[in-house]
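Shown next, in structure tokens, is the structure this report addresses.
Only a predicted model underlies this, so the values are computations on that prediction, with no experimental measurement involved. All chains are named by letter (A, B, ...) in the order of the sequence lines, taking the proteins before the strands, and each is independently numbered beginning at 1.
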Amino acid sequence: MIAGIPGTGIGGIYYILLALLMPVHEACLTVVGCSSWRRWGIVSMQVVHALGILGSIYGMGWLLAQGINALRFNLVAGQSGAYIRLTNVVATTSAYMSVLTLGVVLLVVYTLRLIVRDPQRAR
Amino acid sequence: MSEPLSQSHLTVLVPAYNEATTLADTLRSLKAQTLLPEEVLVIDDCSTDNTAEIARSFGVTVLRPPQNTGSKAGAQNYAMNFVKTEFTMAIDADTTLAPNGIELLMKALDDPKIAAACGLVLPRFVHSVWERGRYIEYLFAFSFYKPIQDYYERPMISSGCFSVYRTAILRANGCWRTRTMAEDMDLTWSFYASHQGVRFIPEAVCYPVEPHDYAFMSKQLRRWSHGFIQNVVVHWRQLLHIPFLRSAVVVSLWDAIFASIAYLILLPCLSVFVSPLFLLGYLIDAPAVAVPVLIKAAERKELGKALASLPSFFVLRTVNSVFMLQAIWREWVLRKRLTVYEKGH
């Protein structure tokens, strides 16, 4: 089974960040002799996925901005100075909001962890 | 072809309720493994079709509880009384395995810290919109999310359709508890709470039959969404103290609530009252979803199938949102727990 709804919201950003942290983590393991070529292969693949996703999000945002700009340009009959041209819809709005939301959600979880006792230890 | 290995110290459990149409393929794939199990136990959960006869024709042991156990977990627990081997594997009666599936999965248990291991899941048939949506969902989740979870040593679920366990640890954790609709998630999180490890082995592939129509899919989505919420309720205190899993679960839960609200309420309202352009919100992340999906599909030489199936993912995701919100509303607000296990593959 699968938990929740994969491929949505802050989950995407969360896993991209984790994937981008993998080389740093693996480099630390390499220093202490706990890494392998196989592990680096997995890390590389996930970094490729993460960079590909970031690139596609940026590309989609840019494409949408061009579409919206063209639509507005036609609506104001060619008066290009009458509105602010968008450069990237996603990068300027939802990406920042997602990262901010993710940060707040994770902060709440870590705070809760300090407040709520571990039932295993309580025994 | 090399001789099949023996000495697996493994019992395979195949819970089956009216599985006459799919069981033969499952048992055939078990017989064709490069590492053969010591015993295969088919639990005929009081089927009304010829499930038991089909199982017997393959020479496996058939167990029949005195009455229907009511769930897959119940049938598996019944069979645990008959398991004598060090390792136990659970396979759904509609699931076939790649010929080296068992051998690859068993290697994960060479590490004594590992209590359970699961493999890559891909739908066997990819025809209807539901099967296609699930195919993309699995390609995405099993090629992007799950390897990352495994890297940080916390796969969120050891999938019930194809997982192997250390029998003693499985018993110590109460086997498959029936307190939630997602016994595999319950068991996986229980392992972590008792400091046991779980691994995801992407090379070990299984092929379940996924729901082909809305009637079956709705049963599965209802069970999975309620199961997820029920497990959060049961485990939340322990979850907070399990590194990585706590953040992975809370992020999934957040998206289950707020992405569902966005798809079902926010985007339709914005598109009606502000601009129809907001309808693009349903598809805005299509290229992002496509990246890991197409990389994995290319690796499996299934690029055409993946491209043709991609639109179905967005249909399934929107329908899934309805079931998630419904589950949250019923379990948390109305306090009406889903307790009846409805089979939907």
Side-chain angles (χ1 to χ4, degrees), chain A residues 1-19 21-22 25-26 39 42-43 45-46 48-61 63-64 67-68 71 89-90 94 101-102 104-106 108-122, chain B residues 136-138 140-141 143-145 147-148 150-152 156-157 159-161 182 184-185 193-195 220 223-225 227-228 231 236-238 240-241 244 246-256 258-260 262-263 277 280 284-292 295 313 317 320-321 324:
Chain A
M1 73 168 282
I2 284 184
I5 309 169
T8 53
I10 61 170
I13 303 285
Y14 172 72
Y15 282 99
I16 287 170
L17 291 176
L18 285 175
L21 273 175
M22 283 166 77
H25 185 250
E26 199 56 31
R39 285 181 61 89
I42 294 166
V43 169
M45 181 49 90
Q46 295 318 115
V48 167
H49 281 156
L51 293 177
I53 291 170
L54 281 177
S56 69
I57 291 172
Y58 189 86
M60 187 70 170
L63 205 67
L64 273 177
I68 292 170
L71 204 69
V89 174
V90 180
S94 58
T101 311
L102 176 63
V104 171
V105 169
L106 294 182
V108 169
V109 174
Y110 281 87
T111 311
L112 269 175
R113 180 195 152 216
L114 299 175
I115 299 167
V116 178
R117 286 180 71 192
D118 183 354
Q120 294 280 359
R121 286 199 180 174
Chain B
I136 297 297
E137 193 177 71
Y138 280 171
F140 180 79
S143 64
F144 187 52
Y145 284 6
I148 295 174
D150 186 59
Y151 179 82
Y152 291 101
M156 204 187 285
I157 309 160
S159 311
C161 66
D184 49 359
M185 183 184 276
S194 57
H195 308 287
Q220 193 187 62
R223 217 175 54 226
W224 287 9
S225 51
F228 178 42
N231 271 294
W236 75 272
R237 281 176 188 275
Q238 290 171 336
L240 287 171
H241 299 277
F244 180 81
R246 58 177 166 239
S247 50
V249 170
V250 83
V251 163
S252 292
L253 187 62
W254 178 274
D255 281 345
F258 292 98
S260 298
Y263 290 138
L277 280 173
L280 287 170
I284 200 165
D285 56 349
V289 171
V291 169
I295 290 175
F313 170 77
R317 186 168 72 174
N320 198 358
S321 302
M324 274 312 320

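- Only the side chain of A/V43 comes within contact range of chain B, judged by heavy atoms closer than 4.5 Å.
- Between the CG atom in B/D150 and the CD atom in A/Q46 there is a gap of 10.0 Å [rounded to 0.5 Å].
- Of the two parts of A/L102, only the side chain, counted from C-beta on, holds a non-hydrogen atom closer than 4.5 Å to a non-hydrogen atom of chain B.
- Heavy atoms closer than 4.5 Å to chain A are found nowhere in B/I136, neither backbone nor side chain.
- With a 4.5 Å cut-off on non-hydrogen atoms, A/L54 does not touch chain B at all.
- For B/A248, the parts lying under 4.5 angstrom from a heavy atom of chain A are both the backbone and the side chain.
- The contact between A/Y15 and chain B is made by backbone and side chain atoms together, counting heavy-atom distances below 4.5 Å.
- The two residues A/M60 and B/P287 come nearest to each other via the heavy atoms SD-CG, 3.7 Å.
- Within the 4.5 angstrom heavy-atom criterion, only side-chain atoms of A/L106, from C-beta onward, approach chain B.
- Under a 3.5 Å cut-off, the side chain of B/Y152 and the backbone N or O of A/L18 do form a donor-acceptor pair.
- B/H241 contributes a side-chain N or O that, together with a main-chain N or O of A/V116, makes up a donor-acceptor pair within less than 3.5 Å.
- The heavy-atom pair separating A/A19 from B/I148 by the smallest distance is CB-CD1, 3.8 Å.
- Interatomic distance, CG of A/L64 versus CD1 of B/I284, reported as 5.0 Å (0.5 Å rounding).
- Across all non-hydrogen atoms, the minimal contact from A/G12 to B/Y145 is N-OH, 3.8 Å.
- Partners of A/R113 by side-chain hydrogen bond (donor to acceptor under 3.5 Å, both in side chains), not counting sequence neighbours: none found.
- Atom CE of A/M22 sits in a crowded spot, with more than 12 heavy atoms from other residues, nucleotides or ligands closer than 6.0 Å.
- In terms of non-hydrogen atom pairs under 4.5 Å with chain A, the most contact-rich of B/N231, B/L277, B/V251, B/V249 is B/V251.
- The shortest heavy-atom contact between A/G11 and B/D255 is N-OD2, 2.6 Å.
- Counting only heavy atoms from C-beta outward, the side chains of B/L240 and A/V109 approach each other to under 4.5 Å.
- One finds the CD1 atom of A/I53 at 5.5 Å from the CZ atom of B/F140 (value rounded to the nearest 0.5 Å).
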